[in-house]
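For reference, the structure discussed in these notes is given below.
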Amino acid sequence: MRFFLIPLLFLTLFACDNNDENNVKKAGTIKFIELEGGFYGIAGDDSVKYDPVNLNEQFMQDGLRVRFKGYIDHSVGTVHMWGYSLIITNMEIETWPVDFQ
């Protein structure tokens, strides 16, 4: 029975709405949205709004430019009603070259 459950677990994890069309690798700007008590969203450079479910506190800065990877999870609902629910797997602050010569 145990040998049956382990492959079933892996199949379930990979089938959980994490296919290529839901994978996201983008850049955008963190925005403070004053709805439902206020929350942080990402305005993607692709003109898509993302509602990050697991945004780290260090990135909660209105106007901050970021690059992010993750996936859209249609099974997660939020009260924000703003953008796609995004599970972030990697995020970094977008930096520009400091040498302008």
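Every heavy atom of this structure was used, including side-chain atoms; hydrogens, water molecules and symmetry mates were not. In this text the structure is predicted, and so the values were computed from the model without any measurement.
Summarising the geometry, atom CZ belonging to Arg67 is positioned 12.5 Å from atom CD1 belonging to Ile93; distances are rounded to the nearest 0.5 Å. Taken from CD1 in Ile42 to CD1 in Ile33, the straight-line distance is 10.5 Å, to the nearest 0.5 Å. Note that the OH atom of Tyr84 and the CG atom of Asn22 stand 9.5 Å from one another [nearest 0.5 Å].
Here the closest non-hydrogen pair linking Leu55 and Ile88 is CD1-CD1, 3.9 Å. The two atoms that bring Tyr40 and Asp51 nearest to each other are O-OD1, 4.4 Å, heavy atoms only. When all heavy atoms are compared, the tightest approach of Pro52 to Gly41 is CD-CA, 3.8 Å.
Salt bridge annotation for Arg65-Asp45: present, with a cationic side-chain nitrogen under 4.0 angstrom from a carboxylate oxygen.
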Q: Report the C-alpha distance between Val66 and Thr29 in whole Å, list the side-chain angles of each, state the deciding distance to 0.1 Å, and finish with yes or no for side chain to side chain contact (heavy atoms under 4.5 Å, CB included).
A: CA-CA 6 Å; Val66 294; Thr29 305; over 6 Å; no
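Side-chain contact between Phe39 and Trp82 is present, with heavy atoms from C-beta onward closer than 4.5 Å. Considering only heavy atoms from C-beta on, Glu34 comes within 4.5 Å of Phe32 through its side chain. Using a 4.5 Å heavy-atom cutoff, the side chains of Tyr71 and Val24 are not in contact. Gln61 is not listed as a side-chain neighbour of Ile30, based on a closest heavy-atom distance of 4.5 Å or more. Side-chain contact between Asn56 and Met91: absent, with no pair of heavy atoms (C-beta onward) separated by less than 4.5 Å. Here the side chains of Thr89 and Lys69 are in contact, with some heavy-atom distance below 4.5 Å.
When ring centroids are compared, Tyr50 and Phe68 come within the 6.0 Å threshold.
With sequence neighbours excluded, no residue satisfies salt bridge (charged side-chain N to carboxylate O under 4.0 Å, His left out) with Asp62.
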